[in-house]
Amino acid sequence: MLQVKQHGPVTVFRMGRHVGKTMLYPVHAFLLEETLIDSGTSHVGREFSAEMENRRITTLINTHHHEDHTGNNRWLQDRLKVEILAHPGALFYLKHPRELK
């Protein structure tokens, strides 16, 4: 499940697995101008990538390496060629991203 809301200049993407209309363990990604903060969970990869397809994103900042914050990195790297920035401790995990399911 993916929900998109606008808060001033920030677009908020709330996503996660769901049961009915209840989202379990929601995670968030934030878009400000051309910078995306985190890429969310791969479990909503198809919905998220469809939402990103018509947006201009040049930079992705990962707050840390956990899957719920980096799950769509590979698609963003392969399709949109975004520059990915992260703390050096996360670099090993970011060099080996998961593919969309």
Side-chain angles (χ1 to χ4, degrees):
M1 173 182 278
L2 175 68
Q3 299 169 334
V4 182
K5 290 188 178 180
Q6 196 68 38
H7 293 276
V10 178
T11 306
V12 178
F13 304 92
R14 183 174 185 260
M15 62 190 94
R17 292 183 185 206
H18 63 93
V19 175
K21 293 184 179 183
T22 302
M23 190 177 302
L24 307 174
Y25 189 64
V27 296
H28 298 83
F30 306 91
L31 181 63
L32 177 61
E33 296 178 4
E34 296 178 1
T35 300
L36 183 65
I37 301 170
D38 288 334
S39 67
T41 178
S42 63
H43 297 289
V44 295
R46 299 202 188 285
E47 292 173 85
F48 188 71
S49 61
E51 186 66 38
M52 296 295 107
E53 192 72 44
N54 296 315
R55 297 177 185 270
R56 180 161 167 71
I57 302 167
T58 58
T59 306
L60 168 61
I61 300 172
N62 286 133
T63 58
H64 60 285
H65 72 273
H66 292 163
E67 190 280 333
D68 59 332
H69 295 265
T70 63
N72 295 299
N73 277 20
R74 171 162 258 155
W75 183 87
L76 291 161
Q77 287 173 320
D78 293 347
R79 181 75 177 185
L80 302 182
K81 311 296 186 214
V82 301
E83 175 185 21
I84 298 180
L85 305 175
H87 184 277
L91 294 179
F92 171 80
Y93 301 97
L94 299 176
K95 286 181 182 178
H96 306 282
R98 294 178 57 184
E99 294 190 35
L100 288 178
K101 292 181 178 183

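These figures come from a predicted structure and were not determined experimentally.
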Using a 3.5 Å cut-off and no angle test, enumerate the donor-acceptor pairs between side-chain atoms of residues 18-32 and protein atoms at least two apart in sequence or in another chain.
| unit_1 | atom_1 | unit_2 | atom_2 | d |
| --- | --- | --- | --- | --- |
| His18 | ND1 | Gly20 | O | 3.1 |
| Tyr25 | OH | Asp68 | OD2 | 3.1 |

Checklist line | Rounded distance [0.5 Å steps], NZ in Lys81 versus CZ in Arg79 | finding: 9.5 Å
Check: Under the side chain to side chain contact (heavy atoms under 4.5 Å, CB included) criterion, do Gln77 and Ile84 qualify, and how do the steps go?
Finding: CA-CA 8 Å; Gln77 287 173 320; Ile84 298 180; 3.3 Å; yes
Next item on the list: First locate atom CE of Met52, then atom CG of Leu80, and finally report the distance between them rounded to the nearest 0.5 Å.
Entry: 9.0 Å
Notebook entry, point to check: Does the side chain of Asn62 come under 3.5 Å of the side chain of Thr70 through a donor N or O and an acceptor N or O?
Noted result: no
Notebook entry, point to check: Counting distance only, does the side-chain N/O of Gln6 pair as donor-acceptor with the main-chain N or O of Gly8 below 3.5 Å?
Noted result: yes
Check: Is Met15 reachable from Met1 through a run of I, L, V, M, F, W or Y residues, each pair having side-chain heavy atoms under 4.5 Å apart?
Finding: no
Checklist line | Atom pair CZ (Arg17) and OG1 (Thr41), whose distance is rounded to the nearest 0.5 Å | finding: 7.0 Å
Item checked: Ion pair check, Glu34 and Arg55, cut-off under 4.0 Å -> no
Check: Could you walk me through whether Leu36 and Phe13 pass the side chain to side chain contact (heavy atoms under 4.5 Å, CB included) check?
Finding: CA-CA 10 Å; Leu36 183 65; Phe13 304 92; 4.3 Å; yes
Notebook entry, point to check: Between Arg14 and Leu2, is a side chain to side chain contact (heavy atoms under 4.5 Å, CB included) present by the stated rule, with each step listed?
Noted result: CA-CA 6 Å; Arg14 183 174 185 260; Leu2 175 68; over 6 Å; no
Next item on the list: Report yes if the side chains of Thr35 and Ile61 come closer than 4.5 Å at any heavy-atom pair, otherwise no.
Entry: yes
Margin query: Between Ser42 and Glu67, do the side chains contain a donor N or O and an acceptor N or O under 3.5 Å apart?
Written below: yes
Next item on the list: Verify the cluster assignment for Val10 and Leu60: are they in a single hydrophobic cluster under the rule of side-chain heavy atoms below 4.5 Å apart?
Entry: no
Item checked: Interatomic distance, Asn73 atom CG to Ser39 atom OG [nearest 0.5 angstrom] -> 3.5 Å
Check: Going hydrophobic residue to hydrophobic residue with side-chain gaps under 4.5 angstrom, can you get from Val12 over to Ile37?
Finding: yes
Check: Where do His64 and Asp38 come nearest, in terms of heavy atoms and distance?
Finding: N-OD1, 4.5 Å
Notebook entry, point to check: Would you say Glu33 has more than 12 foreign heavy atoms packed within less than 6.0 Å of its CD?
Noted result: no
Notebook entry, point to check: Within a strict 4.5 Å, meaning less than it, do heavy atoms of the Val4 and Glu51 side chains meet?
Noted result: yes
